[in-house]
Every structure is written in C-alpha cells, then in structure tokens.
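Here is the structure we will look at.
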Amino acid sequence: MKNFKNILLGLSFLITFISNGQILPVRLTTEMAENPLAVIENQPKFSWQLISKESDVSQVAYLILVASSEEKLNNDDGDIWNSGRVNTDKNLHIVYSGKPLKSETKYFWKVKVWNQLGKISKWSKTASFRTASLESDLNPIWIGAITKADSHLPEGRNYHTATFNREKKMSFINASDSLARRSIMLRKPFEVEKAVKEAVVYISGLGHYELTINGKKVGNSQFAPLWTDYDKTVNYNVYELSAKEFQKGDNVIGVLLGNGMYNTLAERYTKFFVSFGPPTLFFKMKIKYNDGSEEIIKSDRTWKYSKSPITYNSIFGGEDYNANLEQKDWNRKGFKDRDWKKVVIQEAPKGILRPQTAPPVTIQKQYEVKTVKELKPNFYVFDMGQNLSGFPTIKVKGKRGQTIRVWVAEGLNEEGTIAQGRSGKPYYYDYTLKGKDVEEWTPKFSFYGYQYVQIENINYKEDKNKEFPTLVDLKSNFIYNSAGEAGSFACSNEIFNKTHELINNSIKSNFQSVFTDCPQREKLGWLEEIQLNGPSLMFNYNLQTFLPATMQNISDSQRENGLIPTIVPEYVIFGGDFTDSPEWGVTGVILPWMYYEYYGDASLLEKYFPVMKNYVDYLGTKATNHIVSHGLGDWYDYGTHPAGYSKNSPIALSATSHYYYGAFLVAKASKLLGKTEDFEKYNTLASEIKTAFNAAFFNEETKQYGTSSQFSNAVPIFMDIVEPQYKEAVMQNLLADIKEKGDRLTTGDVGNRYLFQTLARNGENETMYRMHNHYDAPGYGFQIKFGLTTLTEQWDPRKGNSWNHFMLGQIEEWFYQSLAGIMSDPEKPGFKHFFIQPEVVGDMTFAKADYQSVYGKIASSWEKKDGKFILTVQIPVNTTATIKLPVAKNSEIKMDGKRVRAGFDEKAQKPVLELGSGIYTIECTI
C-alpha cells in the first residue's frame, strides 16, 4: 500500500510538472544506459524521452548541462559542458561536445527542451555517468591459488579439431579438487580511519565471482562477469559503494571464485573441455574521503586464500557444498586467517580488459513446489511448475555429515523419475550437512534447465525416518538477464497467448551472458537464433546495451580470414559446417542493421563495418561463380525425415541467398556511412549474386525455386531476389504448397522467419492464421497440448532433445507487427515515425500489444464489437504514426468521438490517418 501511495504521489508530481511546461524530458540515458558506471567513449551520447499531457507535441530545441558535481548542476553551472540552445527535434544519441572527460570520474547532467509552441520545459531530473578506467590506470594484478604454469591445465582450444575428444578428457579427470579447479575464498583486511565519501570497485573474478564487503554481498549479479572469449576480451564490473558499507577501523574484502566457462571440468556431464587458466582475481577499490584524500586497495601479494566449502563447481556438471568446511565470518573483521595461504601472482588472461556494459544475469523469479510424489519410501520427485534456467534453494535439517543429492531435469521417465538423457547427464548438486538447526543452501556457480527435482533418502517436511535428513523447503530460482522487458502481447486466441508465454519463457531461460540455444546440455551462443528471432527479441526485451556486447563477442570470434563461426564465444571448435554456416555467420552483418532500425543508433554499423565487410569477403572466397554451397541450410526443416541438415531445400540455395543478403546489407551500410567505393563494390556484388542465384535456382517454366519447397520459394521473395515479373507466380506456388500440406509448414529453424514474414508482408495473414491456429504438429498448439511451459527444439517434443529452445519462436514478430500492427518505418529508424496497421484475421475479436521504444511507449489495442472496429493507439511525444485501418474505404471513422476524414492508401486498400503524439481511440464501422 505504501508503494502504491508513492506511485500516486509521483504521478501527481509529474502531472504538475508537465502542466507547467507542457513537455518534460524523462528517462535520461548515457550510452543507452541509465546512470552507467563505466562509459568507454570520450564523446558519449545522451538521450531522453519526452512526456506531455497534450497531444501532437514535438521538441524543437534542447539545452544540456554537464557538471563536475551535483551541487554545480543544481546551480545551473555546466562547468563541463553547456550546449546552449540547440535547435533540433533530435532527442536521441546527442554527442557530448564539452571539455575532455577524465577517466574514473563521475559527471552529472540534465536537459530542458522547447516544444513546437516555443514553451520551455522544466529541467529534467539529474542523471549521471561515470567514465571507465583506462587499462593503464587499472594496472591489473591477477592473483589466485596457483599459477597457470603450475596448474598443468591444457591449453584452451585448437582451430582444427574439437576439444571434446577422449585425449583431452583424460587430462581433466579427477582434477576438481586441485587448486587448478577448486573454488577458493580470498580475503583482504584494510583499515578506514577517516569519514568515507564514496568508493568505487573495479573487479573481474574468473570464471565467476561473488564479492562481499564486511560480509555483505556487493551487487545482485549471478555468474559475473558475463562470458567472453577470454583470449580476446575480459569483462570487469564496476560498483559504487556508499559510506555506510564501511565501518571505522577494520574492514574486510571477501571474494569467492568459481570456474564458469573460463575453466570447465570433465567429471559428470560436460559439453566440451576448455581452460583459459585456473580461477583468478583482479581487484581495485578507490576510496574517496570527505577530506578530499584518496586511497587505493588492489589485488596484490598481501591477500590470502583458502579452499571454499564448494568442493566441486562446473557450469555443465553441477555443484557440491560441504557445510563442515565453512569458516564462519571469514569475510568479516576479527577472523583469524593465520592458517590461510598467501596468494600467488598469476599470468594475466590474454584478453583486453573491458568494462561490462551489458546488464547482469540475476535471479528474476522464484517458484514453490507445485506438486510432489513419493515414488517409494523417502524417494521424492517435485514438480516446480515451470521449466526454467536456474538452480534450487534447499532448506534441510539432519545429522552432521549427511549428504543430500539434488537431481534436476526437464522431463520424467515413464516410472516418474527424472530424465536427463536428452539434456546432458549426470548433473546434480550435493549438499553435506553440518548438523545444526535448519540449514539453507543455494548453488552459486552452476545452472541447468529443469522443471523437476528428484531427491532420494530424505524425509519431506516431517522427520519420519531418523536415518535420513529432512527437506524442510525447496524453491526454484529462475535466472535470466536483467535487461528488462520492452513489450507485451495478448489477444482473443488462446493458442497465440499460450504460444507467446512458451516462447518468452524459453527466451528468458536462454537470455544469459549470451543468447544460448538451451540452458542445459550446450549453453552455447548459436548465432542464427539472434538474427532470425531479432524482431521477436527486440519487441519483448530491452537490448540496447546487450547487443553491443554481442557484437563485441562476434568481432572477437571472427577469424583472420573473415569467417564468423556459428557459435560465439567460440569455446569449442566443432569443425565443418558446424563451424562455418552462412545462415549463422551472417548474423554479424544483419544484427547491426536490426539495431539501427529498432534503436535509431548507427554506432554498431560504424564500429563493426569492417567485421561485416570481411565476412562477406570471406563468403566470396568460398563461392564458385557467386554460388556458395556449404553450411547447414534450413536446419531442422520439417518432414518425415530425421531433423538436422536441410532435407527439403538445397543447402546451396540457402547459403547463396544469405551471401546475397550480406552483400546487400554491406552495400546499404556503405551508403549510410558515406563509403562511396564500398557502396559501388558491394552493390555490384549483390547484383551479380542475385543474377547467379536466379540462374542457378529459378525455373522460368514452373516459376519455382530450388526443390519447390516452402523455404526455396519464400526466401527469394523475402530478400527481394525474385524478379518483379515473377513474384506473384512464385507467391502462388508457395501458397499452393502450403495448402497441399494442409496449411502446414515444412520450413525449419532458418526458414520459418522467411516463410512467416513472406506471408505477412504480402497480404497472406489469413494463411498465417490457419497455419498456426491448431493443436497439431508442426505447430505451437501441439506443444501446448503436450503440457509444456517452454518452447522445444522440435515441433514434436518427443523427437527433440531440448525442451527449452527459442529457436522456433519467430512468430512473435507476427504477433507484434501484424496482429497488433506495430511496424517500424525503415526511413525513420528507432520508431521516430512508425505504422500501426493491425490485421483482423480468422475469428479473432481483439489483440493488443505495447512496446517501449527509445522514444517512449507505443501501444495498439483493437477489438471488434457490435459491428464496429475500435482501435486505441498510443504515440510517444516527438514521434508520428501512420494508422492504416482494416476497414472499407467508405467506412465511417470517428476519433475520440468526432467524425474524421481519412486518407486512403491505394496499395494497401485501407483508410489512413496521420497522427502526432497522444492517445487516441478510433472507431470505424465494419
């Protein structure tokens, strides 16, 4: 109730604020993040959103102040930068143009704007940003328990054969208890004798770490820092600490280290074996005192370490914890550490130390036990109600030395026990009790995809058998990236609603350090899923700071010859088509364009243009007469054949089409960036590939491409490869094949998006509706009928391995863009101008969606009621929208109760309204 009152007070304050100025800047960001702690750029970009109680409002000018202190900013003293009045409607990506910024320094800024009537807003609330540290300022010293040379760990990867062979495995066996693999605790006492103003921590603990100051955890990250190719990039995290984190006199820094992807193990299940070195720590803390003095505490030889109670930790195999090895208050003052050993200075990782600018992975939700079955005495299986990516929390009581083993899995065997056969086994957690009261434990350095928990040899709730420990409580922790949700969707069709839930639970489960394919057996960043689901991901989640990190990983993984591998980071080299497939590699070309379209930011195009160009050049070296013939093709295409390589459609058709698409987008980027020579080169190349593609794959007599499959015909239509005079005939052949298959698809992982969007963009939304409004396979409805809570790897879950894949989730794009009708305008990226053009299909009676764009909230909600079509739209301040209404030309149209005259789009055959910002209700006769 208190929170609700605070919200009401905040809203009333905002309304008063707005009414005084008619427009107000809110949600200020620097480099696309709110109050970031590690801005890398010397000329960061500022953005803000605008709100107003009026309609049709736009900005015509702004004034930005940047100050070295909050006090100066409050006094309107922009001692670092005073932009003066700048006459422009631009409120995104404003480049800083003030005094040179110092590293490791905090700055404060605010903005005010003028609207189109010349009225000036109030100042925005104060925003801040902290500049990153230069590596020379960090001067990193890496410490740990053992040097890389003494650890005798195998070197990471080789680029000719996969590193999961038998010989590699033998060198890892029984290594988990050695200092090279063991979780360790590190501590550093320090004294504080003066009043602290603030402190800033710079830390990287590899593979993963947990940081405490005086026993209190700093931050809320799980699995920090985020995964990278540690030979190329090593992330560090930045934390601001207030004076209350410290106490006068003795203080203690404590760090717990685990293996993560930095140092994998062979015991139990593992997908591959890779080691960049033993667990290692870099740490720097700069303390500023009220008297203006500073003190720096760094990782050095004065730190000490001890083995932690975590006796085994593997990102793929699980985690073990022996509570009898706990050292109470080890990370607090007063602890006697004379039995601890001095750390060694370790070899630094090869990668460049960069601040982590992408959001952390955190615990987002917790699930209680939904149902429990006692299969036999003291043998329990718990259904947690949701398949997810995460780990359990247990509360237990029992005798000292008793061990509880916790098994987790996505599914069950026929007899009701957990089934890990499809998802990687054995995977489990062991907890050894210390035998005092109720003990609670949550793993720290391993996660798995699961819904079911199996525990043997226990009592549950009641102490029935004194020989066994008692499980008092069990919870599931759902972890995913904290980037935040950007959209929502709902409609009158229950299959579509459930499908939306399935897909998003799968996206969240795989939204970790990278977008993984599945959260259990692989945990790898297969790239094709990002670009093929790109619009689905961006409509649902805020990826403004996440995708730049993805592109850094892609850049780091690109080979010298230009190849972008199928997985990024490339922890394991699979070889052949599983390393080099154009549909996967071209993500490095497509992703910067999608980022530009959705966020209006060309920075990824600018920064990674060489990556894009080099990849297209690489494909050119693999082409014969512009035809590329390698790769996985339309992976997992649907049919009676086993899933895998494309069977319905030619692999060369798929590879060459993506070669064309890559060349086309590089030419487009060249034009945008003013690179004239590159534009001429790649525009010519795209034209030549297009000609070669049509010569090789198009049959002019039948008007069919390739094998006449749905993929073969949909891709050239989507990519605009088909010559205009043949497009309608190819489209009719595509529709005929869909009808012949009983309104069912035959495409796969790659082809689904092209099929769905070819139909949607060519007026065949009724076909899309029929294709998905059923409970058969292939279709989302079959998975719903099967009782699943996440999307699976195959349309028939019984045939596939993973039950938590978002690979097939491309229909989300159709939900937002077609059913709700929210469509960006490529000519005005970032939704500066956009379309709302909902499709009314089948027997649907309503659909609604909202999307938090960089300009603000866009919403579209329609319903059919009493012979009328009623549409409510929300258009952010400083943007415009074209509304295309799905009614006849002569329909009566009212907006906010008043009759209006609409224009008419001859091509779409729909009435059209052009609107500025505001919330409008439009009512039409059907």
Side-chain angles (χ1 to χ4, degrees), residues 25-51 59 62 64 66 81 83 90-97 101 106-111 124-132 226 233 235 237-238 240 354-361 481-487 511 513-515 530 534-535 537-555 591-608 824 828-832 851-858 876-879:
V26 297
R27 297 190 68 175
L28 278 62
T29 61
T30 308
E31 287 298 300
M32 299 154 292
E34 293 187 43
N35 304 323
L37 299 179
V39 170
I40 305 168
E41 304 299 326
N42 293 324
Q43 291 183 292
K45 295 175 183 175
F46 298 137
S47 302
W48 56 89
Q49 293 181 4
L50 296 161
I51 55 176
Q59 170 193 300
Y62 68 77
I64 295 172
V66 180
W81 184 38
S83 71
K90 188 175 180 182
N91 63 307
L92 297 180
H93 317 306
I94 309 298
V95 178
Y96 169 80
S97 301
L101 300 174
K106 189 170 186 177
Y107 296 96
F108 303 86
W109 70 283
K110 61 183 179 180
V111 61
S124 68
K125 290 184 178 180
T126 297
S128 66
F129 66 95
R130 188 179 289 277
T131 51
L226 300 184
T233 291
N235 280 332
N237 301 108
V238 183
E240 282 184 336
R354 307 181 198 270
Q356 177 184 305
T357 53
V361 173
N481 198 279
S482 58
E485 298 187 33
F511 193 0
S513 290
V514 299
F515 276 116
I530 305 176
L537 296 173
M538 284 187 254
F539 269 120
N540 283 298
Y541 303 95
N542 176 10
L543 303 183
Q544 281 182 272
T545 58
F546 186 84
L547 291 184
T550 302
M551 282 305 301
Q552 181 66 60
N553 280 336
I554 288 173
S555 177
L591 204 56
W593 265 111
M594 285 188 172
Y595 191 83
Y596 177 62
E597 180 180 344
Y598 278 78
Y599 301 132
D601 182 4
S603 62
L604 297 190
L605 290 169
E606 294 164 355
K607 183 175 181 179
Y608 296 106
S824 65
K828 295 188 177 179
F831 292 83
K832 174 69 172 171
Y851 168 61
Q852 188 62 242
S853 78
V854 286
Y855 285 97
K857 184 178 179 180
I858 297 170
V877 174
N878 213 32
T879 70

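Note that the structure is a prediction, hence the values are computed from the model and not measured.
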Could you tell me whether the side chain of [Y] reaches within less than 4.5 Å of the side chain of [X], counting heavy atoms only?
X      : Y      : value
Leu604 : Tyr596 : no
Pro876 : Ile858 : yes
Trp593 : Leu605 : yes
Asn878 : Lys832 : yes

Going from [atom1] on [X] to [atom2] on [Y], what distance comes out if it is rounded to the nearest 0.5 angstrom?
X      : Y      : atom1 : atom2 : value
Tyr107 : Arg130 : OH    : CZ    : 10.5 Å
Leu92  : Thr29  : CG    : OG1   : 7.5 Å
Asn553 : Thr233 : CG    : OG1   : 7.0 Å
Gln544 : Glu31  : CD    : CD    : 11.0 Å
Thr545 : Gln356 : OG1   : CD    : 9.5 Å

What about Tyr541 and Phe546, are their ring centers closer than 6.0 Å?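 They do not qualify: ring centres at least 6.0 Å apart.
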
Just by distance, do the side chain of Asn35 and the backbone of Ser128 share a donor-acceptor pair under 3.5 Å?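 Side chain of Asn35 to backbone of Ser128: a pair is present.
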
Side chain of Ser124, backbone of Val111: donor and acceptor closer than 3.5 Å?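 The answer is yes, because a donor-acceptor pair under 3.5 Å joins these two groups.
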
Aromatic plane relationship, Trp81 with Tyr96 - under 30° parallel, 30 to 60° tilted, over 60° perpendicular: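 Perpendicular, since the angle between the ring planes exceeds 60°.
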
Tyr599 and Tyr595 aromatic ring geometry - parallel, tilted or perpendicular at 30°/60° bounds: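 Perpendicular.
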
Side chain to side chain donor-acceptor pair (under 3.5 Å) contacts in which one or both residues fall within residues 37-51, not counting sequence neighbours: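 Pairs touching residues 37-51 that pass the test: Trp48-Gln59.
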
Counting only heavy atoms not in Lys857, do more than 12 sit closer than 6.0 Å to its NZ atom?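 Not more than 12 within 6.0 Å, no.
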
